[in-house]
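For clarity, every value in this text was computed on a predicted model and none was experimentally measured.
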Amino acid sequence: MINVIEARGITSRLGGQLIHRDLDLEVQHGELLALVGGSGSGKTALLRHLVGLTRPDAGTVRLFDVELARTRRLERLALLRRFGMLFQNGALFSALNAFDNIALPLRELRRLPEELIRDLVMLKLSLVELEPEHAGRMPAELSGGMVKRVALARALALDPELLILDEPTAGLDPDRSRAFVRLIRGLWHELNLTVLMVTHDVETLVDLATHVAVLAEKRVIAHATLPEVVALDHPFARSFFGDQRELIHSRAGRNQT
């Protein structure tokens with residue numbers, strides 16, 4: 001299998017505190033990998049390293065087999081077009097309506113004609129199951145679920161091969177969370193995406209992930225299928241999955257296909 005992301009020997013500090021030590025992680029093409037870990041374990045910081053937003057103090061990150069630290073400007077711009085990121089709270093620009101939020105990467109990174117941008121934005125809105133009339137709404141006029149969908153449409157604007165999700169269902173009620181999970185899973189199949197997500201929600205993990213990576217002790221201590229991770233004899237695994245282990249075993253397996 002081809003590695004879309006390959007991190008080796010990652011060591012990093014935040015505010016002088018060591019958060020990763022000699023960490024290794026691989027994300028294979030077509031995988032839907034959930035990254036889990038305790039509060040303060042450095043999950044979001046690791047995501048930022050993996051997509052080149054920040055650099056670790058030591059170690060290497062290869063994205064699409066290109067070492068990020070050695071890229072030049074044009075090569076880095078080409079890599080930016082190959083992944084999209086959904087931030088935890090959507091991170092929509094409050095001064096831009098939904099249309100312009102989605103159009104932003106198309107205007108910045110592709111410099112397309114406005115007529116084509118309009119067609120592409122409306123296509124992405126349809127892809128995340130929003131109606132054309134939502135295009136003119138400001139972020140403050142959208143529900144939490146709609147904000148997530150607009151942000152997802154923006155992450156998909158450049159037809160990425162890799163999708164990064166930071167707590168995709170955070171802040172959503174159970175019904176909206178389940179609907180958003182169904183949407184992501186459908187897009188993963190339909191668009192042949194590789195997905196890396198951080199989540200603390202067991203339901204989201206069970207319904208989405210094909211594999212799970214556990215971040216603990218400042219490194220990835222396991223990268224395996226959900227049943228294998230649930231069976232892990234480690235304090236974090238016992239605490240994280242708790243009394244939901246039977247539910248997980250009854251529903252796990254369907255995400256492996």
Side-chain angles (χ1 to χ4, degrees), residues 1-88 91 109 155 158 160-168 170 193-200 205 208-226 228-229 232-237 239-240:
M1 293 289 289
I2 300 170
N3 287 333
V4 174
I5 296 174
E6 184 177 314
R8 298 287 181 221
I10 300 300
T11 296
S12 57
R13 291 172 176 81
L14 187 62
Q17 181 178 357
L18 185 69
I19 55 173
H20 306 126
R21 180 177 54 219
D22 200 27
L23 178 153
D24 294 338
L25 179 68
E26 297 176 357
V27 183
Q28 295 185 339
H29 173 73
E31 194 171 18
L32 205 165
L33 177 67
L35 178 65
V36 300
S39 177
S41 60
K43 301 182 296 296
T44 297
L46 179 58
L47 283 190
R48 293 174 66 84
H49 292 332
L50 296 179
V51 297
L53 292 175
T54 56
R55 286 191 181 184
D57 294 293
T60 60
V61 176
R62 298 185 71 86
L63 186 61
F64 301 107
D65 205 29
V66 175
E67 188 174 342
L68 288 177
R70 297 181 181 273
T71 56
R72 295 183 178 181
R73 181 177 176 275
L74 291 179
E75 192 173 25
R76 184 171 287 265
L77 286 174
L79 285 175
L80 287 174
R81 297 185 182 101
R82 299 181 68 180
F83 75 86
M85 187 163 183
L86 174 64
F87 296 91
Q88 181 171 340
L109 294 174
L158 297 173
E161 303 160 59
L162 169 66
L163 183 61
I164 309 288
L165 308 172
D166 190 4
E167 298 286 3
L193 293 168
T194 300
V195 177
L196 172 61
M197 71 170 175
V198 164
T199 184
H200 71 278
L205 186 151
L208 269 180
T210 61
H211 294 82
V212 181
V214 180
L215 182 55
E217 302 170 14
K218 300 178 175 58
R219 60 189 177 89
V220 174
I221 62 168
H223 180 169
T225 65
L226 182 56
E228 290 169 330
V229 170
L232 193 65
D233 185 18
H234 187 276
F236 172 76
S239 172
F240 185 79

| task | Identify the heavy atoms of Pro160 and Ala155 that sit nearest to each other, and give their distance. | result | CG-O, 3.4 Å
| Nearest atoms (heavy-atom pairs only) where His223 meets Leu33 | NE2-CD1, 3.5 Å
| With Phe236 via ring pair (Phe, Tyr, Trp, His ring centres under 6.0 Å) - residues at least two apart | Phe240
| said: Quick one, Leu77 with Arg73, criterion side chain to side chain contact (heavy atoms under 4.5 Å, CB included). Give me CA distance, side-chain angles, the key distance, then yes/no. | reply: CA-CA 6 Å; Leu77 286 174; Arg73 181 177 176 275; 3.7 Å; yes
| note | Here the gap from Leu215 atom CG to Leu25 atom CG, rounded to the nearest 0.5 Å, amounts to 9.0 Å
| task | Any chance you could measure Glu75, atom CD, to Arg70, atom CZ, to the nearest 0.5 Å? | result | 11.5 Å
| message | Restricting to non-hydrogen atoms, name the atom on Arg55 and the atom on Ala69 that form the minimum distance, rounded to 0.1 Å. | response | NH2-O, 3.4 Å
| remark: Lys218 meets the side chain to side chain contact (heavy atoms under 4.5 Å, CB included) criterion, sequence neighbours left out, with Leu18, Arg21
| message | For the backbone of Leu68 and the side chain of Arg76, can you confirm whether one donor and one acceptor N or O come within less than 3.5 Å of each other? | response | yes
| message | Taking Glu167's backbone N and O only, do any of them form a donor-acceptor pair with Thr199's side chain (distance below 3.5 Å, no angle check)? | response | no
| remark: Interatomic distance, CZ@Arg82 vs CG@Leu162, rounded to 0.5 Å, equals 9.5 Å
| request: Measure the CG-CD1 distance between Leu35 and Ile164 for me, rounded to the nearest 0.5 Å. | output: 10.0 Å
| said: For a quick test of reading the model, state the closest non-hydrogen atom pair linking Leu63 to Leu79 and the distance between them. | reply: O-CD2, 3.7 Å
| note | Scanning both residues in full, the closest heavy-atom pair of Ala34 with Ala209 reads CB-CB, 3.8 Å
| field | Spacing of CD belonging to Glu67 relative to CZ belonging to Arg8, to within rounding of 0.5 Å | value | 12.5 Å
Run the side-chain donor-acceptor check on residues 9-16: report pairs under 3.5 Å with partners two or more places apart or on a different chain.
| from | atom 1 | to | atom 2 | distance (Å) |
| --- | --- | --- | --- | --- |
| Thr11 | OG1 | Asp22 | N | 3.1 |
| Ser12 | OG | His20 | ND1 | 2.5 |
| Ser12 | OG | His49 | NE2 | 3.4 |

| field | Atom pair CG/CG of Leu208 and Leu165 - distance to nearest 0.5 Å | value | 8.0 Å
| note | Scanning both residues in full, the closest heavy-atom pair of His29 with Val4 reads CA-CG2, 3.6 Å
| query | Hey, is the main chain of Ala216 close enough, under 3.5 Å, to the side chain of Ser41 for a donor-acceptor pair? | reply | no
| Does any donor atom in the side chain of His234 or Glu217 lie under 3.5 Å from an acceptor atom in the other side chain? | yes
